[in-house]
Student: 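Take a look at this one; I'll ask things after.
Just so it is clear: chains get the letters A, B, ... in the order the sequence lines come, proteins before strands, and each one is counted from 1.
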Protein chains: 2
Amino acid sequence: MMSSNKPAAPRAQSLAKSILGGGADLGLFEGGPTGRGVYATLRDQIVKLDLPPGTPLLRSELAETHGVSLTPLRDALQQLAKEGLVKIYPQSRTLVTPIDMSAIREAQFMRIALETEVVRRLAKEIAPEALARLRSIVALQGSVSDQPSDVPTFQELDEVFHQTLFVAAGHVQSQRIMRSHAGHLERLRRLHLDDIDEAGRILNNKDVIEGHSRILDGIEAGDAPAAMDALRQHLQRTVDRMTDKRAAFPEYFTQEKP
Amino acid sequence: MMSSNKPAAPRAQSLAKSILGGGADLGLFEGGPTGRGVYATLRDQIVKLDLPPGTPLLRSELAETHGVSLTPLRDALQQLAKEGLVKIYPQSRTLVTPIDMSAIREAQFMRIALETEVVRRLAKEIAPEALARLRSIVALQGSVSDQPSDVPTFQELDEVFHQTLFVAAGHVQSQRIMRSHAGHLERLRRLHLDDIDEAGRILNNKDVIEGHSRILDGIEAGDAPAAMDALRQHLQRTVDRMTDKRAAFPEYFTQEKP
DNA sequence: CTGTTCAATCTAATATATCAGTTAATCACA
DNA sequence: TGTGATTAACTGATATATTAGATTGAACAG
């Protein structure tokens with residue numbers, strides 16, 4: 001496993017892009033192409049905090065800005081509301097929602113539950129080519145440097161790894177459903193990624209790679225409890241690193257009881 | 001535990017209704033009250049197979065039949081499409097989808113994964129009043145007879161039990177998300193429930209009650225593996241009883257490779 | 001008889017208008 | 001000064017009209 005100080009190799013970048021390139025809507029948008037385009041744009045802006053929590057979304061303005069009529073815009077806002085990223089107040093107004101820690105906990109719960117079950121099943125049976133693919137992803141991660149400029153690529157490969165687990169288990173759809181409810185978590189993650197030093201701390205490449213390896217070791221050995229424990233520790237470690245950003249950005253979060 | 005040949009006691013029925021009474025949309029519909037009403041009606045018809053797979057849904061007719069305009073009808077159809085119950089062909093037509101076994105497998109996978117994690121967490125920590133509540137639900141199930149007329153009530157209590165597990169673990173939202181993708185499974189179940197003799201065989205009260213009790217025993221003993229295994233067996237037993245209805249109703253199902 | 005082309009019809013997506021409810025500002029009164 | 005009522009403006013939900021794409025059937029050619 002080599003660690004290089006150059007930008008991520010083209011292979012690492014292209015693999016991540018080709019698998020994850022699909023786009024923001026995860027196939028969950030219903031409606032025509034116009035609405036889909038507005039939805040993707042708005043979702044991106046919300047998740048990237050370009051439209052921060054509390055922002056009022058004025059339909060007449062948005063329709064003009066995006067050059068669309070009220071109907072596809074409505075479709076887009078309804079989908080965003082279903083994901084909890086927007087709150088539509090009937091007959092009144094539409095606001096970007098604050099980051100909701102309970103939604104985040106739910107997303108984390110779902111992830112742990114679903115992915116643990118995936119790993120359990122893979123430990124019982126996995127196609128050799130799937131295991132080989134997972135191993136090669138981990139190896140590819142090892143070729144990505146710790147440089148801040150490579151953080152996005154490493155993170156994408158991390159996502160590829162986890163997605164490949166679901167693919168191998170034949171349950172991609174569950175991952176899609178799970179991810180479609182992860183908008184709050186994405187925003188929280190964004191608060192961290194905006195700080196590149198901190199991002200580096202969160203995504204400690206060596207730790208992540210080791211975690212992935214231990215998961216695969218358990219799977220390969222047919223040892224479901226070991227694989228599941230490795231995954232739990234891996235995911236828990238990720239969660240623990242999310243230092244509480246609420247003190248720095250209280251206005252971004254829902255008010256929660258102590 | 002007494003088994004009576006009279007219709008389910010009012011308490012059993014009222015408890016189930018008061019908890020599950022919420023309605024068909026699980027809070028996932030976005031749009032106004034008109035669209036919500038049409039959505040609920042259509043979903044009910046689809047799930048009950050009153051609108052069987054393959055049925056074309058003509059918007060002009062539906063709008064007239066339900067006394068609504070095209071916009072709320074559109075909202076309703078889009079939500080149904082998101083749940084996979086309807087397929088909207090752009091610029092062309094809208095059809096009720098066939099029952100998709102892969103969607104059913106996904107729903108079952110999600111259920112097993114989420115509920116196993118719930119049970120695991122409850123075995124580590126559960127509020128005494130929550131455990132008492134679960135025990136009382138099981139006791140109430142024991143008071144429901146095996147009579148065919150009591151099948152709906154028993155089934156509802158079954159749902160109450162499982163929902164209460166999620167409530168106790170603080171993850172009701174995950175269950176809602178899971179159930180919102182269970183329309184295909186609901187239709188398959190419907191094929192069975194239409195045959196009351198078979199429904200009785202599927203829902204063997206004593207087995208179900210015993211399964212619930214073993215889950216709670218594991219939880220109460222703080223024995224996560226035992227509780228989880230009990231749940232797995234319980235859910236697996238339910239799945240196994242779903243005899244393959246495809247031979248009898250091939251036209252209701254998607255074509256699958258053998 | 002089969003395949004291709006074309007036009008009419010049908011249906012969903014989008015555009016625009018109207019209705020229904022909410023909100024904020026102003027005024028009157030105590 | 002504070003409170004309640006009124007009204008105009010604003011915004012989302014619904015209704016209706018138009019556009020864009022798909023489908024079907026008829027006619028024609030080989």
Student: Respond yes when some side-chain nitrogen or oxygen of A/Arg59 is under 4.0 Å from OP1 or OP2 of D/dT11, and no when none is.
Tutor: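 Answer no for this pair, as no side-chain N or O of A/Arg59 is under 4.0 Å from OP1 or OP2.
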Student: Give the ring-plane orientation class for B/His181 versus A/His181, where under 30° counts as parallel, over 60° as perpendicular and anything between as tilted.
Tutor: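 Correct class here is perpendicular.
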Student: What is the distance, rounded to the nearest whole Å, between atom CD1 of B/Ile88 and atom C1' of D/dG21?
Tutor: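 Rounding to the nearest Å, CD1 of B/Ile88 and C1' of D/dG21 are 15 Å apart.
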Student: Report yes if a side-chain nitrogen or oxygen of A/Thr94 is closer than 4.0 Å to either non-bridging phosphate oxygen (OP1 or OP2) of D/dG12; otherwise report no.
Tutor: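 Answer is yes, contact under 4.0 Å.
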Student: Describe the nucleic acid contact of A/Leu57 in one word from base, sugar-phosphate, nothing, applying a heavy-atom distance below 4.0 Å.
Tutor: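 Sugar-phosphate contact only - A/Leu57 comes under 4.0 Å of backbone atoms but never of a base.
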Student: For B/Leu95 and C/dA12, what is the distance between atoms CG and C1' respectively, to the nearest whole Å?
Tutor: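 These atoms are roughly 13 Å apart.
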Student: Do B/Gln173 and B/Arg176 have side-chain N/O donor and acceptor atoms under 3.5 Å apart?
Tutor: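 A pair is found: one side chain offers a donor N or O, the other an acceptor, under 3.5 Å apart.
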Student: For D/dT14, does OP1 or OP2 lie under 4.0 Å from any side-chain N or O of B/Thr34?
Tutor: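 Checking B/Thr34 against D/dT14: at least one side-chain N or O falls below 4.0 Å of OP1 or OP2.
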Student: Report the distance from atom CG of B/Leu77 to atom P of C/dA12, rounded to the nearest whole Å.
Tutor: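 That distance rounds to 8 Å.
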Student: For A/Pro72 and for A/Gln91, locate the closest nucleotide of DNA chain C by heavy-atom distance; then report the residue assigned to the nucleotide nearer the 5' terminus.
Tutor: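 It is A/Pro72, whose closest nucleotide lies nearer the 5' terminus.
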Student: Using heavy-atom distances to pick each residue's nearest nucleotide on DNA chain C, tell me which of A/Tyr89 and A/Asp75 is more 5'.
Tutor: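 Closer to the 5' end of DNA chain C: A/Asp75.
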Student: Provide, to the nearest angstrom, the distance between the CD atom belonging to A/Glu61 and the P atom belonging to D/dT11.
Tutor: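 It works out to 8 Å between those atoms.
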Student: Under a 4.0 Å threshold between the charged nitrogen and the carboxylate oxygen, would A/Arg121 count as salt-bridged to A/Glu117?
Tutor: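 Here A/Glu117 pairs with A/Arg121 in a salt bridge, since their nearest N and O are under 4.0 Å apart.
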Student: Contact class for A/Leu70 vs. all strands (heavy atom < 4.0 Å): base, sugar-phosphate, or nothing?
Tutor: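 Here A/Leu70 touches the bases of the nucleic acid.
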Student: When rounded to the nearest 0.5 angstrom, what distance separates CG in B/Leu85 from CG in B/Asp100?
Tutor: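 That separation rounds to 11.0 Å.
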Student: Does A/Arg74 make a side-chain N or O approach to OP1 or OP2 of D/dT11 shorter than 4.0 Å?
Tutor: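 For D/dT11, OP1/OP2 do not have a side-chain N/O of A/Arg74 under 4.0 Å.
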Student: Would you mind reading off the distance between A/Lys87 atom NZ and D/dG12 atom C1', rounded to a whole angstrom?
Tutor: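 Interatomic distance, NZ of A/Lys87 to C1' of D/dG12: 13 Å.
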Student: Under 4.0 Å between a side-chain N or O of B/Arg93 and OP1 or OP2 of C/dT11?
Tutor: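 For B/Arg93, the contact criterion (side-chain N or O under 4.0 Å from OP1 or OP2 of C/dT11) is not met.
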Student: Of the candidate nucleotides D/dA13, C/dA15, D/dT11, which contains the atom at the shortest distance from the side chain of A/Ser60?
Tutor: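 Minimum distance to the A/Ser60 side chain belongs to D/dT11.
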Student: Let me know the distance between CD of B/Gln78 and P of D/dA13, rounded to the nearest Å.
Tutor: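 Going from CD in B/Gln78 over to P in D/dA13 covers 13 Å.
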Student: Could you check A/Thr71 against A/Pro90 and say which one's nearest nucleotide on DNA chain D is further toward the 5' end?
Tutor: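 Counting from the 5' end, the first nearest nucleotide belongs to A/Pro90.
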Student: Looking at every strand, decide which applies to B/Ser92 at a 4.0 Å heavy-atom threshold: base, sugar-phosphate, or nothing.
Tutor: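 The answer is sugar-phosphate, as B/Ser92 gets under 4.0 Å only of primed atoms, P, OP1 or OP2.
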Student: Measuring from atom CG of A/Leu49 to atom CZ of A/Phe249, what distance do you get when rounded to the nearest 0.5 angstrom?
Tutor: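 A/Leu49 atom CG to A/Phe249 atom CZ measures 8.5 Å (nearest 0.5 Å).
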Student: Atom CZ of A/Arg36 to atom P of C/dA12: distance rounded to whole Å?
Tutor: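 After rounding, the gap between these two atoms is 17 Å.
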Student: Could you tell me how far apart B/Leu73 (CG) and C/dT11 (P) are, to the nearest whole angstrom?
Tutor: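 Taking CG of B/Leu73 and P of C/dT11, I get 13 Å after rounding.
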